[in-house]
Protein chains: 2
Amino acid sequence: MNSAKHPIQAVQRTLDIVDVLREQREARVTDIADELDLSKGTIHCHLATLEQNGYVVKNGQRYALGLQFLDLAHHAKNRVDIYDITQAEVDALAAESGEMALFTVEEHGEGVCLYKAEGEDAVQTELYVGYRNGLYHTAVGKALLAFMPEERREEIIEETEFEQITPNTITDPDELREQLAEIRERGIAYNHEETIQGLVGVGAPIRDQDGTLYGAVSLIGPVSRMEDERLTEELPQLIRRAVNIIEVNITSL
Amino acid sequence: MNSAKHPIQAVQRTLDIVDVLREQREARVTDIADELDLSKGTIHCHLATLEQNGYVVKNGQRYALGLQFLDLAHHAKNRVDIYDITQAEVDALAAESGEMALFTVEEHGEGVCLYKAEGEDAVQTELYVGYRNGLYHTAVGKALLAFMPEERREEIIEETEFEQITPNTITDPDELREQLAEIRERGIAYNHEETIQGLVGVGAPIRDQDGTLYGAVSLIGPVSRMEDERLTEELPQLIRRAVNIIEVNITSL
DNA sequence: AGCGTTCGTTTAACACACCCAAACATTTAA
DNA sequence: TTAAATGTTTGGGTGTGTTAAACGAACGCT
């Protein structure tokens, strides 16, 4: 009996091994065997298979993720049609504002950063291309939630485990729903130190004429620079302009 | 009897499926089943396992690579210690020269592009981060070959299948060995339209004091701009400076 | 040097997990 | 409404992945 509830064991083991390598950067056969509670022989076979395919490299006894994943990442990214167009505009946003600019899409109910550009004064964060975030506590996330089909939104909110990351993080589904309604009216979403203390974000969704949601862009920076009319006027204006250019270009795809 | 010669079948199948998705961007169960000559049920189970882990997404009937690979790519990249340092210098190279600048490392006997930066007049190529190239026909590739341990070099040359990509491509192992000796003396490697007609490259290796090879950087541009003393003096000078800065920084790791 | 430890790798055999074919469900086309 | 083509589920047989144990290689130690 195989189905979604019964994943293929051998494949799942391989993915678990990959996950260990992702977290550890380097690991030996024994380390992984201990970690996953499997025999050394098993781990060895899996690693050999992965290595043959370029997904794993070994120097001496240490195994690590292979660069073949870069190729897959490239192809996964280019599946998103608007990637190229958006990249240029996010660069522009970063340059104009001096802050860090991000392009994020939704996948499996989470936000995935697809591109980031650093302006001159950009904050340094651990955020990287591929980083996954809960949608409920970021500017892009709320922008995405606000403008996706209601059905999908409720599905995601239902499955979300709200976590109090900072004092400002929204942990009540109904409070979130209220904010999302406001965002739909305003067209702009904010993150008031809900993810990291001292960090504020402004974001907006990217949609085509039919209202189909493609992703969202945002600017993030320190609370000291993100206040008053810069936060309520200047930056939203920059973002609106960028989103507009992207949306115009969607039609010509 | 399991060993490197007998990879785990189920895992290999999953990797084959991923490979199909890489090439096709989108595929249905039946497409993949036909392509790999496996039953639909089998493909379905594999895809379900991959989807549960975020490595595959499906809209309707169509399956595609998931963005989880971006995360793995990030971690695979950051395994290369000098990535951060090099990135900044490659950016500088691109800005100073106006051409396209690349950072490449060797893996499994091939060159893998880890970072690219586009100068103002940069040529547009299909080359992307993660792109794999034969070492024998690129500037970075020859720079890597020239300065790696002789044993490894011969091992790679032995396994290489030389292909006449352009009229200028080197297809004779001994001719390659001669060029590599010159490159070792000069410290600079060239690609004279050996990969793409009209495209010229200049590259140099990155090494530490012990002579350990870390990777190589290069500038590539149209033959019309890559001639005379710009090719023999100006660009090599830029590259030497960049490499030097990187090499100095290696010590402080 | 020689021993002991600690790895990775190989081996053979058994349990069971994967694959298939076919039935079912679901969508698309006519 | 019917028909065709697709995704999904099922159960059973076989070939395969797992394991434990033995082997070999590479250290570090006294």
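The shown structure was predicted, so the numbers you read here are calculated from the model rather than taken from an experiment.
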Specify the separation, in whole Å, of atom CG of A:Asn59 and atom P of D:dA26. 16 Å

Closer than 4.0 Å, any side-chain N/O of A:Thr42 to the OP1 or OP2 of D:dT19? yes

Angle, rounded to 10°, between the helical axes spanning five pairs at each terminus of the helix from C:dG8-D:dC23 to C:dA30-D:dT1? 60°

Residues which pass side-chain hydrogen bond (donor to acceptor under 3.5 Å, both in side chains) with A:Thr86, listed by chain and number, not counting sequence neighbours: none

Does the pair B:Leu72 and A:Leu70 meet the rule for a side chain to side chain contact (heavy atoms under 4.5 Å, CB included), with working shown? CA-CA 8 Å; B:Leu72 293 180; A:Leu70 298 191; over 6 Å; no

Can you list everything that forms a side-chain hydrogen bond (donor to acceptor under 3.5 Å, both in side chains) with A:Glu247? Sequence neighbours excluded, please. none

Under the salt bridge (charged side-chain N to carboxylate O under 4.0 Å, His left out) test, residues paired with A:Glu178 that sit two or more places apart: none

For the pair B:Glu26 and A:Arg79, find out whether any cationic side-chain nitrogen is under 4.0 Å from an anionic carboxylate oxygen. no

Tell me the interatomic distance from A:Leu38, atom CG, to C:dT9, atom C1', rounded to whole angstroms. 17 Å

Can you tell me how far P of D:dT14 sits from CD of B:Gln9, to the nearest Å? 16 Å

Identify, with sequence neighbours excluded, every residue that meets side-chain hydrogen bond (donor to acceptor under 3.5 Å, both in side chains) alongside B:Glu51. none

Output a table of nitrogen or oxygen pairs between the protein and nucleotides 6-8 of chain C separated by less than 3.5 Å.
unit_1, atom_1, unit_2, atom_2, d
C:dC7, O5', A:Arg28, NH1, 3.3
C:dG8, OP1, A:Val29, N, 2.7
C:dG8, OP2, A:Thr30, N, 3.0
C:dG8, OP2, A:Thr30, OG1, 2.3
C:dG8, N7, A:Lys40, NZ, 3.2
C:dG8, O6, A:Lys40, NZ, 3.3

Value in whole Å for how far the P atom of C:dC18 lies from CG of B:Leu50: 13 Å

Would you please name every residue forming a side-chain contact (heavy atoms from CB on, under 4.5 Å) with B:Gln87, sequence neighbours left out? B:Tyr83, B:Asp84, B:Asp91, B:Tyr115

Within residues 11-20 of chain A, residues whose heavy atoms come under 4.0 Å of DNA chain C: none

Spacing of B:Ile32 atom CD1 relative to C:dC20 atom C1', expressed in whole Å: 18 Å

Check whether any side-chain nitrogen or oxygen of A:His46 sits under 4.0 Å from OP1 or OP2 of D:dG17, and answer yes or no. no

Atom pairs and distances, donor-acceptor, side-chain atoms in residues 30-38 of chain A, under 3.5 Å, two or more places apart:
unit_1, atom_1, unit_2, atom_2, d
A:Asp31, OD1, A:Arg28, NH2, 3.0
A:Asp31, OD2, A:Arg28, N, 3.0
A:Asp31, OD2, A:Arg28, NE, 3.1

Quick one: which residue pairs count as a salt bridge (charged side-chain N to carboxylate O under 4.0 Å, His left out) with a foot in residues 133-145 of chain B, not counting sequence neighbours? B:Lys142-B:Glu194

For B:Glu154, what residues pass the side-chain hydrogen bond (donor to acceptor under 3.5 Å, both in side chains) criterion, not counting sequence neighbours? B:Arg177

Between C:dC19 (P) and B:Asp37 (CG): distance, integer Å: 14 Å

Per the ring-ring contact (aromatic ring centres under 6.0 Å, His included) rule, what does the pair list look like for residues 145-165 of chain B, sequence neighbours excluded? B:Tyr136-B:Phe162

